[in-house]
Every structure is written in C-alpha cells, then in structure tokens.
A.B. asks: 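Handing you this structure, nothing more for now.
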Amino acid sequence: MIEIVKASSEELYFVQKIAHQTWPVAFSNILTPDQISFMLNWMYDLKALEQQVNEKGHVFLLAKEEDSFLGFAAYEVHCKDQKKTKIHKIYILPDTQGKGIGKKLISHVMDIALRNGDKFLYLNVNRFNEKAISFYKHIGFYEAYREVIDIGNGFIMDDIVMEMKIN
C-alpha cells in the first residue's frame, strides 16, 4: 500500500535520489544531457532542496511503499499570495509509473490546498513532455498559459502552465 508522508530534512536525500533516477528517463528526448545535468545540480543539490523548504516554503511529500520511496511532490500553498497551490515538482520512479502514485500525490496536495482555502492547483510542465501533459489533462488540469523562463547557463524552461479548479 502506498503511503504519502511529509519528507523530513534527512529524507530530502531520497528526493534527490529519485530525481537523479527519474530525470534522465523523463527528459532524454526533450533536453540535452548538459541541461539535465545543470538542472539536477541547480534544483536537487541537498543545499538547494533545504533552501526550497526553509526559505521558499516548499513542502516535500514522499510516496512510500513499505521501506521504499517511489516518488515525490513539492508544493506551496497560497503561492504568490494567491488562492492557488503550486505543485513545484512531481516525479515518480520510471518503473513504478502507471500505478496511481502520481494521482495519489496530487490528491494529497489537493486536500491540503482545500484545507488552506485555495481554489486552484497549478504546475509547470515542459511543453514537449507529452506523457506528463496527457496525464495532467486526464486528471482534470487544463492549459492556462505558456511561459519561457531563462534559467541561466544558456538554458531555458519552455513550459505550459496547467491549472485545475478544486473548489
């Protein structure tokens, strides 16, 4: 049975480990190996993860089955002082995708958002990540807008911002 737990500071290591196992598979046909490496180091260094929690207010959840962590999500309620909860990150180990773990993580975040009075969930997804876009549409997200974000080192994030009304 899959259990969703809030990640402790010590468990951020598992977030990092899952990201490093997931990203090369998820983005191999979308991003260059150099960009994947840059982004993993930029966003998933343990100090960066701690900063996201301690300074930016991100909360990390881990999907756990027995003693194994299979995926994670990071969210922020009232993002940008709006009645919206942002899902900053959500990744499931490639060999465990399709088992409902992503839905369970998003459902957990939705419950937290509703308890905090938020009216929408939203997230960014690479505009070429058709598998993820299809999944998000299937569970009720729609395209709100698109944005291109310069992340430095000559790299950009070319994203679709997807949203879901939850009230």
A.B. asks: If you measure from CD1 on Ile90 to CD1 on Ile106, what distance do you get to the nearest 0.5 Å?
C.D. replies: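 Going from CD1 on Ile90 over to CD1 on Ile106, the span is 4.0 Å.
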A.B. asks: With a 6.0 Å cut-off (strictly less than), is the heavy-atom count around NZ of Lys165, excluding the residue itself, greater than 12?
C.D. replies: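 Buried by this count: over 12 neighbours within 6.0 Å.
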A.B. asks: Do Ile166 and Val125 belong together in a cluster built from hydrophobic side chains that touch within less than 4.5 Å?
C.D. replies: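 Ile166 and Val125: one cluster.
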A.B. asks: Closest approach of Pro24 and Ala19, non-hydrogen atoms and distance?
C.D. replies: CD-O, 4.2 Å
A.B. asks: Tell me whether Thr22 contacts the main-chain N or O of Ile18 through its side chain, where contact means a donor paired with an acceptor under 3.5 Å.
C.D. replies: yes
A.B. asks: When rounded to the nearest 0.5 angstrom, what is the spacing between CD in Gln21 and CZ in Phe14?
C.D. replies: 11.0 Å
A.B. asks: Please set out all donor-acceptor pairs under 3.5 angstrom arising from side-chain atoms of residues 35-49, sequence neighbours excluded.
C.D. replies:
residue	atom	partner	partner atom	Å
Gln35	NE2	Ile156	O	2.8
Asn41	ND2	Ser37	O	3.2
Asp45	OD2	Lys47	N	3.0
Asp45	OD2	Ala48	N	3.4

A.B. asks: Quick one: ring-ring contact (aromatic ring centres under 6.0 Å, His included) partners of Phe27, sequence neighbours excluded?
C.D. replies: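 For Phe27 the ring-ring contact (aromatic ring centres under 6.0 Å, His included) partners, ignoring immediate neighbours, are Trp23.
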A.B. asks: Does anything in residues 10-33 form a salt bridge (Lys or Arg N to Asp or Glu O under 4.0 Å)? List the pairs, not counting sequence neighbours.
C.D. replies: none
A.B. asks: Pair Leu61, Tyr75 - check side chain to side chain contact (heavy atoms under 4.5 Å, CB included), show working.
C.D. replies: CA-CA 8 Å; Leu61 301 173; Tyr75 69 90; 3.9 Å; yes
A.B. asks: The criterion is side chain to side chain donor-acceptor pair (under 3.5 Å); which residues satisfy it with Gln82, sequence neighbours excluded?
C.D. replies: none
A.B. asks: Go through Ile160 and Asn124 one step at a time and tell me if the side chain to side chain contact (heavy atoms under 4.5 Å, CB included) criterion holds.
C.D. replies: CA-CA 6 Å; Ile160 297 172; Asn124 284 47; over 6 Å; no
A.B. asks: If hydrophobic clusters are built by linking Ile, Leu, Val, Met, Phe, Trp and Tyr wherever their side-chain heavy atoms come under 4.5 Å apart, do Val59 and Val109 end up in the same one?
C.D. replies: yes
A.B. asks: Let me check something: any side-chain donor-acceptor pairs from residues 91-99 under 3.5 Å, sequence neighbours excluded? List them with distances.
C.D. replies:
residue	atom	partner	partner atom	Å
Thr96	OG1	Leu93	O	3.0
Gln97	OE1	Lys131	NZ	2.8
Gln97	NE2	Ile92	O	2.9

A.B. asks: Once rounded to the nearest 0.5 Å, what's the spacing between atom CG of Asp159 and atom OH of Tyr145?
C.D. replies: 10.0 Å
A.B. asks: By side chain to side chain donor-acceptor pair (under 3.5 Å), which residues pair with Gln51, not counting sequence neighbours?
C.D. replies: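 If we apply the side chain to side chain donor-acceptor pair (under 3.5 Å) test to Gln51, skipping adjacent residues, the hits are Glu55.
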A.B. asks: Considering only residues two or more places apart or on different chains, which pairs with a residue in residues 113-129 satisfy salt bridge (Lys or Arg N to Asp or Glu O under 4.0 Å)?
C.D. replies: Arg127-Asp158
A.B. asks: Are Met162 and Val77 connected in the hydrophobic side-chain network, where two residues link if heavy atoms are under 4.5 Å apart?
C.D. replies: yes
A.B. asks: How many angstroms lie between NE2 in His58 and SG in Cys79, if you round to the nearest 0.5 Å?
C.D. replies: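 One finds 7.0 Å between NE2 of His58 and SG of Cys79.
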A.B. asks: Is it the case that the side chain of Asn153 and the backbone of Phe155 share a donor-acceptor pair, with hydrogens and angles ignored and the cut-off at 3.5 Å?
C.D. replies: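 Not a single qualifying donor-acceptor pair exists.
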A.B. asks: Gln52: what forms a side chain to side chain donor-acceptor pair (under 3.5 Å) with it, not counting sequence neighbours?
C.D. replies: Lys89
A.B. asks: Is a donor on one side and an acceptor on the other found under 3.5 Å between the side chain of Asp150 and the backbone of Gly152?
C.D. replies: yes
A.B. asks: If hydrophobic clusters are built by linking Ile, Leu, Val, Met, Phe, Trp and Tyr wherever their side-chain heavy atoms come under 4.5 Å apart, do Ile4 and Ile101 end up in the same one?
C.D. replies: yes
A.B. asks: Show me the donor-acceptor pairs, under 3.5 Å and distance only, between side chains in residues 63-72 and residues at least two apart or in other chains.
C.D. replies:
none

A.B. asks: Throw together a table of side-chain donor-acceptor distances under 3.5 angstrom for residues 136-144, partners on residues two or more places apart or in other chains.
C.D. replies:
residue	atom	partner	partner atom	Å
Tyr142	OH	Glu163	OE1	2.9
Glu143	OE1	Arg146	NH2	3.3
Glu143	OE2	Arg146	NE	2.8

A.B. asks: Not counting sequence neighbours, which residues clear ring-ring contact (aromatic ring centres under 6.0 Å, His included) with His108? List them please.
C.D. replies: none
A.B. asks: Side chain to side chain donor-acceptor pair (under 3.5 Å) with Glu50: which residues, sequence neighbours excluded?
C.D. replies: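 Here no residue qualifies.
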A.B. asks: Go through Val161 and Leu123 one step at a time and tell me if the side chain to side chain contact (heavy atoms under 4.5 Å, CB included) criterion holds.
C.D. replies: CA-CA 6 Å; Val161 178; Leu123 52 82; over 6 Å; no
A.B. asks: Return the CG to OG1 distance between Leu121 and Thr85, rounded to the nearest 0.5 Å.
C.D. replies: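 Going from the CG atom of Leu121 to the OG1 atom of Thr85 covers 6.0 Å.
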A.B. asks: For the OG atom of Ser8 and the CG atom of Leu62, what is their distance to the nearest 0.5 Å?
C.D. replies: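 These two atoms lie 8.0 Å from each other.
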A.B. asks: Apply side chain to side chain contact (heavy atoms under 4.5 Å, CB included) to the pair His88 and Glu76, showing each step before the final yes or no.
C.D. replies: CA-CA 7 Å; His88 287 282; Glu76 176 185 1; 2.7 Å; yes
